[in-house]
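Remarks on the structure that follows.
Side chains included, hydrogens not; waters and symmetry mates left out as well; all remaining heavy atoms used. The chains referred to below are lettered A, B, ... by the order of the sequence lines, with proteins before strands, and numbering in each begins at 1.
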Amino acid sequence: MQLKKWLPAAGAAFLVSTASAAYAETLVVWHDLGDNGVNWFNELNELYQKENPDITIESVSFPTDQWFGKVIAAINTDSAPDLIYNNYERVIRIQNQTDKVMDLSDAFASIEDKAFLSDADIGVATYEDRMIILPIQRVQMGFGARTSWLEAVGEPFPETWEDVLRVSQKFQEEDPDGNGQADTFGIAIEAANPRDLIHMLDLYTFGTGLRHTLLDPDGQVVINQPRHKEVLIEVMKLFTDYKYVAPDSVNHSFAEMYQVIEGGRAGMFRVGDWNVKKWDAEAITGDFTIGSWPKFAEGDTNAVVIGGMRGVAVPENAPNKDASLAFAKFMLTKEAQAASLNNVGAAVRGDFEMEGLSPNRLFFAKPEHNLNAYDFPESINPAYPEIEAEYHARLLDAIDNPPDDWSAYVESLAADLQALADEKKS
Amino acid sequence: MAVTASIPMTQPTALPAWAREMWRYRVLYLFVLPFAALVVVFGLWPIAQSLVLSFASSATAFRLNPDYVGLENFETIFSDRRFIASLNVTLFYTAISVVLNVAFALGYAVLLSSRYLKRGNTFFRLAVFLPVITPDVAGFIVWKWMYNQNFGAVNAALGSLGLPLFGGIADSDTVLSALVVAELWKHVGFYTIIFLTNMQLLDPALDEAAELEGATAWQRFWYVTLPQLRPAITINVVFALIQFLKTFTVVVVMTKGGPNFSTNFISYYAFQKFEQASYGEAMAMASTLFGLVLVLTYALYWALERTDWR
């Protein structure tokens, strides 16, 4: 009797629970933003659940190299996550390897509030006529200098390359940290991997207002054009002639470069928008000034560099595609963008309250400086990484065996790289 | 007998001899089978997979049905002058490191086994073995700091003695020797322990007889001790060969393959190709290295076993 009494109730409870379980969805996002990214997606989950209580957002952060392998393998074996999040050029590689990154053009067209995105932002998100990401975070990088070191050597923030060379000399010779030892360098730089040294060249090149580092959109090598040549030779001389960078820099990638910056061994360095929150609170504890990159010639224009675009993509075989698209669009709303700025230090819109942000964070959040964006060559030239790797290898050789005549060296290098580019094009 | 006594004795007679043999010791086989299965799943299967993928195009390597391109990946890597340079530097570094590690370990083991080293023997053994159990990354980070051109201990010591400074890992002319030293510190303790173990098994009567016959200390070492150490020498040389052909961690931590590709060993170059999504080429490099390890290890083992040590 007892059993008969409880059986219908238990059955009803089971049906209700399975029904709600079937309705509830968990969207999984794979990214490489570390703890900041996990915190950001946790906040997005809370915000999104206010309107969508049955949807839960879970994020998993992988080191970048592992992110590639896992995403490619998962998409190709139909075990893809709901959303993937990373820099545009990495999503391009995912598309090239899988051919299963969804075209988000229709989803983007259905967003009404998107006037804050520029044509350049949308261009970066597009690859082979498909919108492969919704652009979520513009990556800005400025030029930084230790404020107390500038004061110690009596110099203002450097505006020109000449300033940078003069300040570097003083940083190395005048003991700006006051520890009584000659243990400081002018500039922090990295050169170990192909993306390291070229990345540094990108920053100095775009920072002085130029538009391409290696190839123009027609596939022509630009490094031997007069203004480009000057930037290239001067940056190379940091290693060989001026010696304003730590000798170990040839083995440095991002982690080692950060050790040099945060350890107080170099006075001028790259500052990414994502660095500021940490460097305001710890490591450098706010002792840095951010500005535009130095200009190399009188007519040039200093700029802060837009070095990339992070965005969200949806695999064609995502388990919950419709819900994923809806959440991807949510990431462009004001509240989601505010959470992005707060947690990761970057966003694509700035039309929200920013009270309480430090001056260094406002530098990027409310930009009042010239912005010059990368030319994003990977999105138009599939062979670019290979040509760039060869360029990097040749530059490393020049650092190891400096040429007597830099100008002739650049002309010869340009000819070789043009031949390689033409070969790849054909 | 203990194994066979507890099992049913009804042995199939129609089976071939090898199968009857296995049936007879089936409990023994049952015990070793799980481990063998693990080796197949986690050892042989990935190797087979990577071999297969070395014949696939990079763009489709991780798809369910990759496009196979025959020997194209191998043709690409063998026409890449950096891969040839990588192959050469890997072999050169391996040769130097194997000889140095085994020779140093042998010398150190002889010193540690001396009857005159009565005090501190345990300390000296611990000192040489501790680096082996130190985590690789931690050890190499310390070496990286020691070689630092700005505040490193190596140049501080050389400078205070009035000696020329050492380029360490920042100079393509000195980086290989810097890594050889760091890896010697890391691995030599393992080889030393194997020599010491073998030395404890030596027959002291042979040494005493040679001494009575008037042999010098050097002659006794060369003609009496060394031939008896053949098993340890063989195993150490083979271990060291495999170890140094696969050199990877020290490069990741200390040099990233530089300066100017001078430490771009095959393992690291394959890893870089993998990071650049050139999966087919990366697998072709890994397969080449695997083949190289197999062939060289077998050749060396064969040569050492055939050598007349008397």
Of all heavy-atom pairs between [X] and [Y], which one has the smallest distance, and what is that distance?
{"X": "B:A170", "Y": "A:V250", "value": "O-CG2, 4.0 Å"}
{"X": "B:K256", "Y": "A:N251", "value": "CG-O, 3.5 Å"}
{"X": "A:D400", "Y": "B:N260", "value": "OD2-ND2, 3.2 Å"}

*For residues B:F151 and A:Q181, determine if any side-chain heavy atom of one lies less than 4.5 Å from a side-chain heavy atom of the other.*
no
*Kindly compute the distance separating CD1 (B:I141) from CD (A:Q259), expressed to the nearest 0.5 Å.*
7.5 Å
*Gap separating the CG atom of B:N65 from the CG atom of A:N76, nearest 0.5 angstrom*: 10.5 Å
*asked:* Please identify, among A:D99, A:D248, A:L396, A:L395, the residue contributing the most non-hydrogen atom pairs under 4.5 Å to chain B.
replied: A:D248
Of the backbone (N, CA, C, O) and the side chain (C-beta and beyond), which part of [X] lies under 4.5 Å from a heavy atom of chain B, both, or neither?
{"X": "A:P247", "result": "both"}
{"X": "A:T98", "result": "backbone"}
{"X": "A:A182", "result": "backbone"}
{"X": "A:E256", "result": "side chain"}
{"X": "A:N96", "result": "backbone"}

_Only pairs of heavy atoms separated by less than 4.5 Å count here; which of B:F274, B:Y147, B:Y279 has the most with chain A?_
B:Y279
*asked:* Between B:D173 and chain A, with a heavy-atom cut-off of 4.5 Å, which part of the residue counts as in contact: side chain, backbone, both or neither?
replied: neither
*asked:* Under the rule for ring-ring contact (aromatic ring centres under 6.0 Å, His included), what residues qualify as partners of B:F129, not counting sequence neighbours?
replied: none
Near [X] [atom1], under 6.0 Å, is it more than 12 heavy atoms from other residues, nucleotides or ligands?
{"X": "A:E390", "atom1": "CD", "result": "yes"}
{"X": "A:N401", "atom1": "CG", "result": "yes"}
{"X": "A:K70", "atom1": "NZ", "result": "no"}
{"X": "B:F104", "atom1": "CZ", "result": "no"}
{"X": "B:K246", "atom1": "NZ", "result": "no"}

